[in-house]
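Notes follow the structure.
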Protein chains: 2
Amino acid sequence: MRELFHPKIEQISLASLLYALGDPVRLEIVRRLAEQGEQPCSSLCCGVPKSTLSHHFKVLREAGVVFSRKEGTQRLNSLRKAELDGRFPGLMDGLLAVIDPAPPRIGATIDLLGGQAGRGREKRSPPHC
Amino acid sequence: MRELFHPKIEQISLASLLYALGDPVRLEIVRRLAEQGEQPCSSLCCGVPKSTLSHHFKVLREAGVVFSRKEGTQRLNSLRKAELDGRFPGLMDGLLAVIDPAPPRIGATIDLLGGQAGRGREKRSPPHC
DNA sequence: TTCAATAGTTCTGTTTTTGCGAATTAAAGA
DNA sequence: TCTTTAATTCGCAAAAACAGAACTATTGAA
């Protein structure tokens with residue numbers, strides 16, 4: 001598990017940020033990180049294959065949305081909220097305010113799917129999660 | 001030029017909206033519609049092939065971002081701002097506030113490109129622009 | 001009415017992404 | 001060292017993006 005690439009916050013464009021957020025799975029990840037703080041990938045795996053989730057985290061990381069640090073055998077991800085707030089004032093708060101929380105199933109693992117659209121591309125390279 | 005499909009505003013998801021906005025060309029289109037009001041596709045064609053632009057407008061339209069009406073030989077596009085404000089309060093304003101305007105070239109056609117990332121998919125079908 | 005011009009769309013082929021299962025790597029602990 | 005857990009990478013099939021070429025619709029002459 002090698003160290004991961006994190007773009008400098010001033011390098012990220014609004015389009016690439018929105019692109020990263022334009023997927024229901026990734027949006028749900030962001031919502032949970034905002035709500036629950038730092039989380040390992042594994043705590044969000046429900047309903048999505050690991051390899052796919054790894055891809056989504058990579059997209060989020062490369063778009064500057066999340067920061068990942070190694071911690072033993074897992075990787076802890078957190079929102080780069082303060083940095084994003086500095087780069088795009090008000091954007092994340094406005095966004096988090098309108099994310100409708102995925103229907104909560106009491107005490108259960110939550111299905112990350114359910115949204116209806118949003119896929120995309122990137123132009124960068126390194127891996128993730 | 002047949003009539004176009006416009007989703008009901010309550011049908012659109014945040015993810016699909018963000019997906020549509022997650023492309024530098026589309027983001028620039030949105031910025032200009034917000035700034036200049038209703039515009040034909042042709043007024044935004046600079047630097048992007050017609051067929052590609054048509055695709056981008058289709059994505060925006062199907063994501064509920066723009067409304068298109070026929071007017072003679074052209075199609076006039078406008079932001080569905082009020083509806084979007086109703087569905088996702090504050091989101092578009094927050095977004096428009098942080099779009100950095102493409103470098104203005106005085107009196108010239110503006111190159112729509114220049115951003116660095118953001119592509120995506122959709123799950124719908126009908127055409128556009 | 002017929003022709004030409006303009007605005008957009010659709011078609012088609014190429015390239016890029018995505019999503020997922022399978023195999024792999026890394027770290028931690030018996 | 002062997003196992004378990006966590007996550008990445010590989011490889012393939014399906015989908016989408018892009019852009020050029022061809023097509024359709026509308027307008028405005030001639």
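Per chain, numbering begins at 1; letters A, B, ... match sequence-line order.
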Check your understanding: Do A:Ser42 and D:dA6 have a side chain to base donor-acceptor pair shorter than 3.5 Å?
Key -> no
**Study point:** Nucleotide D:dA6, atom C1' - distance to CZ of A:Arg75 in whole Å
**Key:** 9 Å
Review point. Rounded to the nearest Å, what distance is computed from the CZ atom of residue A:Arg69 to the P atom of nucleotide C:dA27?
Key: 16 Å
What side-chain donor-acceptor pairs closer than 3.5 Å can you find for residues 87-95 of chain B, not counting sequence neighbours?
unit_1: B:Arg87; atom_1: NE; unit_2: B:Ile9; atom_2: O; d: 3.1
unit_1: B:Arg87; atom_1: NE; unit_2: B:Ile12; atom_2: O; d: 3.1
unit_1: B:Arg87; atom_1: NH2; unit_2: B:Ile12; atom_2: O; d: 2.7
unit_1: B:Asp93; atom_1: OD1; unit_2: B:Lys81; atom_2: NZ; d: 2.9

Quick one: which protein N/O atoms are closer than 3.5 Å to N/O atoms of nucleotides 2-6 of chain C? Pair and distance per line, please.
unit_1: C:dT6; atom_1: O2; unit_2: B:Thr73; atom_2: OG1; d: 3.4

**Study point:** Atom pair CD (A:Glu10) and CD (A:Glu83), whose distance is rounded to the nearest 0.5 Å
**Key:** 8.5 Å
Check your understanding: Closer to the 5' end of DNA chain C via nearest nucleotide, is it A:Pro49 or B:Gln39?
Key -> B:Gln39
**Study point:** Interatomic distance where NZ belongs to A:Lys58 and P belongs to C:dG19 [whole Å]
**Key:** 13 Å
Point to revise | Protein-nucleotide distance (A:Leu53, atom CG; D:dT9, atom P), rounded to Å | key: 14 Å
Check your understanding: B:Tyr19 side chain: which of D:dT26, C:dG19, D:dA16 is closest?
Key -> D:dA16
Practice item. Supply the atom-to-atom distance A:Leu21 CG to A:Leu60 CG, rounded to the nearest 0.5 angstrom. Key: 7.0 Å
Check your understanding: Does the side chain of B:Thr52 get closer than 4.0 angstrom to OP1 or OP2 of D:dA19 through an N or O atom?
Key -> yes
Exercise for review: Would you confirm whether B:Arg75, through its side chain, and B:Ser68, through its main-chain N or O, come within 3.5 Å as a donor-acceptor pair?
Suggested key: no
Review point. Are A:Ile99 and A:Leu44 joined in one hydrophobic group, where the rule is that I, L, V, M, F, W and Y side chains link up if heavy atoms are under 4.5 Å apart?
Key: yes
Review point. When the distance from CG of A:Leu4 to C1' of C:dA26 is rounded to whole Å, what number comes out?
Key: 13 Å
Check your understanding: Would one find a side-chain N or O of B:His56 under 4.0 angstrom from OP1 or OP2 of D:dC18?
Key -> yes
Check your understanding: Within this structure, what is the NZ-to-C1' distance between A:Lys70 and C:dA26, rounded to whole angstrom?
Key -> 8 Å
Check your understanding: Within the structure, does a side-chain N or O atom of B:Lys50 lie under 4.0 Å from either OP1 or OP2 of D:dA19?
Key -> no
Exercise for review: Report yes if a donor N or O on one partner sits less than 3.5 Å from an acceptor N or O on the other, where the partners are the side chain of B:Ser51 and the base of D:dG20; otherwise report no.
Suggested key: yes
Check your understanding: Could you give the CG-to-C1' distance, from B:Leu44 to C:dA7, as a whole number of Å?
Key -> 13 Å
Review point. CZ of B:Arg26 versus C1' of D:dC18: gap in Å, rounded?
Key: 12 Å
Check your understanding: Can we say B:Glu28 and B:Arg31 salt-bridge, meaning some charged N sits less than 4.0 Å from an Asp/Glu carboxylate O?
Key -> yes
Exercise for review: Using side-chain contact (heavy atoms from CB on, under 4.5 Å) as the criterion, list what pairs up with A:Ser51, not counting sequence neighbours.
Suggested key: A:Pro49
